[in-house]
Each structure stands twice: as C-alpha cells, then as structure tokens.
Amino acid sequence: MAEKNRLVTVAALQFACTDDVSTNVATAERLVRAAHQKGANIILIQELFEGYYFCQAQREDFFHRAKPYQGHPTIVRMQNLAKELGVVIPVSFFEEANNAHYNSVAVIDADGTDLGLYRKSHIPDGPGYQEKFYFNPGDTGFKVFQTKYAKIGVAICWDQWFPEAARAMALQGAEVLFYPTAIGSEPQDDGLDSRDHWRRVMQGHAGANVVPLVASNRIGKEIIETEHGNSEITFYGYSFIAGPTGELVAAAGDKEEAVLVAQFDLDKIKSKRHSWGVYRDRRPDLYKVLLTLDGINPAK
C-alpha cells in the first residue's frame with residue numbers, strides 16, 4: 001500500500017515590539033504575509049505581541065491593556081488576514097472577562113473562523129515576570145484545535161516548562177505543538193541565561209511525544225517603569241521549530257527579526273509515533289503521584 005503524504009508547513013515569527021499596538025499588529029501582519037509567501041499554512045506569532053511585556057511591573061493602569069475576547073480588534077484583524085491568505089493563526093492577547101483577566105490565545109482557522117480560546121494554565125511570578133498580578137489561572141484546560149491543515153495544541157510561555165501540558169495535548173491528538181513566548185534576561189541576575197535550557201526542554205517535549213513543536217519568542221530591550229525604578233529585560237529570541245524526535249529543524253538568533261519555516265509529513269510522523277511505542281506502553285494507572293503537590297497527598 002502506498003504511503004500517504006499529508007504535508008503541513010509551519011512558521012514561527014520573531015520581532016521586537018514597540019509599546020504601540022498599531023505598530024506591532026502591522027509588524028505581525030507583515031511577517032504573517034512573509035511566512036505565507038514562504039508557503040506556511042500555520043503561522044505562530046509571539047506572546048502578547050500588541051505591546052511591551054508589561055508584567056515587569058505591578059501597575060494598576062496596565063489593566064487598561066486588557067480587552068474582551070468577543071470583538072477584540074486584533075483578533076478580528078487576524079481573522080480577516082487568515083481568511084485572505086488561507087492560513088491558520090493563533091492570536092495571543094490580554095483578555096478581560098468581567099472581573100477576571102487571562103493570558104489567552106484565540107485560534108483562527110484558514111477561513112477566518114475563530115475555533116476557540118485557550119487560557120494560560122501556569123502563571124509565573126518572579127522578578128520581571130510578575131504575571132500573577134494580572135492573570136487568573138486559566139480555566140479552559142489544555143486544548144487541541146482541529147484546523148484545516150492539522151490538529152494542533154497551543155499553550156503559552158510558562159506552560160512550555162511542564163511536560164504534563166505537552167503530553168495532555170498530545171494525548172488529545174495534537175499533531176503539532178505551538179508555544180507563543182516572551183522570555184529573556186532576568187532583572188535580578190545578569191548572569192542567568194536560560195535560553196539553552198528553555199530550548200532543550202521543549203525539544204524534549206517534541207521527542208517525548210513524537211510531534212513537531214513551534215516556539216515563537218520576541219527580541220529587543222524593553223524598559224518598564226515600576227514603583228522601584230525602571231525594570232529592563234532583553235528578550236533573547238531563539239525562536240525555533242523542532243521535529244518529532246526533538247531535532248532542531250529551523251532556529252533564529254537572539255537579535256534579528258525572523259520568519260522560520262519548516263514542512264512536515266503528518267502521516268509519516270503519525271506512523272512513527274504509533275510504532276515507537278511510547279503511547280502503547282504508557283501506564284496511567286501508575287501516574288497518580290502526578291495529582292499531588294508533595295508526592296503523597298492528592299492536590300485539592
């Protein structure tokens with residue numbers, strides 16, 4: 001029997017943000033169009049790309065950056081763009097939902113249809129990355145989306161450090177994993193550089209689940225005024241696309257704008273995933289310890 005070929009071309013975008021929404025959305029659109037010209041079917045834009053990464057500071061006025069999901073102007077613009085080009089676009093945004101706020105992604109299909117929402121599950125809190133001040137923990141659970149070109153899983157930044165998130169999406173049938181990201185230097189420690197660690201962890205998710213993975217990060221220096229003076233992060237880019245054994249297929253550096261593109265045969269990868277045995281030999285009956293915080297008592 002002849003082997004089927006179901007090809008998909010994925011892209012990761014990387015650029016420096018200003019703190020002007022219209023400028024950043026225009027940059028994102030320009031790069032989406034560039035990715036489309038390179039043949040991309042599913043195009044990932046970085047996390048919270050409408051402005052600076054504001055979570056360096058705990059500022060009441062920054063809640064004004066949030067907008068409701070329905071009718072969100074950037075999502076609507078990306079719906080029109082997706083329909084025009086026939087591409088899939090996950091769109092990261094700061095969501096206001098009555099008195100709750102989320103770090104969210106809307107997944108737009110190739111005909112402009114909004115396939116639904118994922119809200120970031122793991123919320124970090126540390127110097128320069130004070131997201132717990134702004135975001136409620138996501139309540140959607142890990143999700144996959146059936147797009148025109150592939151069934152995809154989309155999680156957000158800090159989610160990418162947790163193998164449970166990647167495995168949950170893969171178990172639901174995700175054929176490619178996507179992670180929009182904002183990560184860079186650590187304001188409290190000039191000597192700490194996590195970029196290789198960051199990349200290797202996600203390459204592990206790809207290899208462990210036998211699925212390609214796409215990560216999009218920003219570049220550039222961003223300075224935010226805080227109550228204790230200015231906070232500064234230099235975002236290190238390093239956006240990449242990994243193949244189903246965790247191999248690097250395409251990679252960007254730490255300073256340049258980039259449009260990374262890679263093509264995968266999803267049916268060939270599916271055969272490899274099924275024959276490798278990691279799903280056949282799973283033992284979920286032994287994994288109850290994962291439902292605890294201390295390794296003993298079930299989390300409530």
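These values consider heavy atoms only, across backbone and side chains, with no hydrogens, waters or symmetry-generated copies. One is the number of the first residue; the rest follow in order along the sequence. Everything quoted here is computed from the prediction, not taken from an experiment.
Aromatic ring centres of Trp198 and Tyr179: separated by at least 6.0 Å. Not less than 6.0 angstrom separates the ring centroid of His205 from the ring centroid of Trp161. Phe135 has its ring centre less than 6.0 Å from the ring centre of Phe94. Phe63 has its ring centre less than 6.0 Å from the ring centre of His101.
Looking at Ile223 and Tyr52, their side chains never come closer than 4.5 Å, going by heavy atoms from C-beta outward. Contact check for Arg167 versus Asn209: side-chain heavy atoms found under the 4.5 Å cut-off. In this structure the side chain of Gln203 reaches within 4.5 angstrom of the side chain of Phe240, judged on heavy atoms. Between Thr147 and Ile42, the closest side-chain pair of non-hydrogen atoms falls below 4.5 Å. Here the side chains of Leu7 and Tyr149 are not in contact, with every heavy-atom distance at 4.5 Å or above.
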message: Applying ring-ring contact (aromatic ring centres under 6.0 Å, His included) to Tyr102 and Tyr69, what does each step give before you reach the verdict?
response: CA-CA 10 Å; Tyr102 299 97; Tyr69 171 37; over 10 Å; no

task: Start with the C-alpha distance between Phe145 and Tyr118, add both sets of side-chain angles, then the distance that settles ring-ring contact (aromatic ring centres under 6.0 Å, His included), and finish with yes or no.
output: CA-CA 10 Å; Phe145 302 86; Tyr118 168 71; 7.9 Å; no

- request: Applying side chain to side chain contact (heavy atoms under 4.5 Å, CB included), run through Thr226 and Asn230 and close with a yes or a no.
  value: CA-CA 6 Å; Thr226 80; Asn230 288 342; over 6 Å; no

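Glu131 places no side-chain N or O within 3.5 Å of a backbone atom of Cys55 that could act as its donor or acceptor partner. Of the possible polar contacts, none joining the Thr113 side chain to the Leu115 backbone as a donor-acceptor pair under 3.5 Å is found. Using modelled atom types, one side-chain atom of Asp114 and one backbone atom of Gly116 make a donor-acceptor pair closer than 3.5 Å. Within the 3.5 Å criterion, the main-chain N or O of Ile183 finds a donor-acceptor partner in the side chain of Asn217. Judged by distance alone, the side chain of Lys132 and the main-chain N or O of Ile123 form a donor-acceptor pair under 3.5 Å. Asn24 places no side-chain N or O within donor-acceptor distance of the main-chain N or O of Thr27, the cut-off being under 3.5 Å. Judged purely by atom type and a 3.5 angstrom limit, Asp109 has no side-chain atom pairing as donor or acceptor with the backbone of Asp111. Side-chain N or O atoms of Lys288 include one that pairs as donor or acceptor with a backbone N or O of Asp285 at under 3.5 Å. For the pair Gln14 (side chain) and Glu256 (backbone), a donor-acceptor distance under 3.5 Å is present.
For the atom pair CH2 (Trp158) and CD1 (Ile156), the distance works out to 14.5 Å, reported to the nearest 0.5 Å. To the nearest 0.5 Å, atom CZ of residue Arg200 and atom OG of residue Ser194 are 10.5 Å apart.
Note on Val88 and Leu85: separate hydrophobic clusters, where clusters join Ile, Leu, Val, Met, Phe, Trp and Tyr whose side-chain heavy atoms are under 4.5 Å apart, directly or indirectly.
Taking His72 as the reference, Phe93 meet the ring pair (Phe, Tyr, Trp, His ring centres under 6.0 Å) condition, with sequence neighbours excluded.
In this structure, Lys270 does not pair ionically with Glu175, as no charged nitrogen and carboxylate oxygen lie closer than 4.0 Å. Looking at Arg218 and Glu47, no side-chain N of the basic residue comes within less than 4.0 Å of a carboxylate O on the acidic one, giving no salt bridge. Under the 4.0 Å criterion applied to side-chain N and carboxylate O atoms, Arg59 and Glu227 are not assigned as salt-bridge partners. Remark: Asp265 does not engage Arg6 in a salt bridge, criterion side-chain N to carboxylate O under 4.0 Å.
Across Val107, Leu117, Val91, a single residue satisfies side-chain contact (heavy atoms from CB on, under 4.5 Å) together with Val154, and that is Val107. The salt bridge (Lys or Arg N to Asp or Glu O under 4.0 Å) with Glu95 is formed by just one residue from the set Arg65, Lys67, Arg119; it is Arg119.
Applying the side-chain hydrogen bond (donor to acceptor under 3.5 Å, both in side chains) rule to pairs touching residues 35-46 yields nothing, sequence neighbours excluded.
In this structure, Arg30 fails the cation-pi test against Phe15, since its NZ or CZ atom is not both closer than 6.0 Å to the six-membered ring centre and inside 45 degrees of the ring normal.
In this model, no donor atom of one side chain and acceptor atom of the other lie less than 3.5 Å apart for Asp193 and Tyr236. The closest side-chain donor-acceptor pair between Asp20 and Ser22 falls under 3.5 angstrom.
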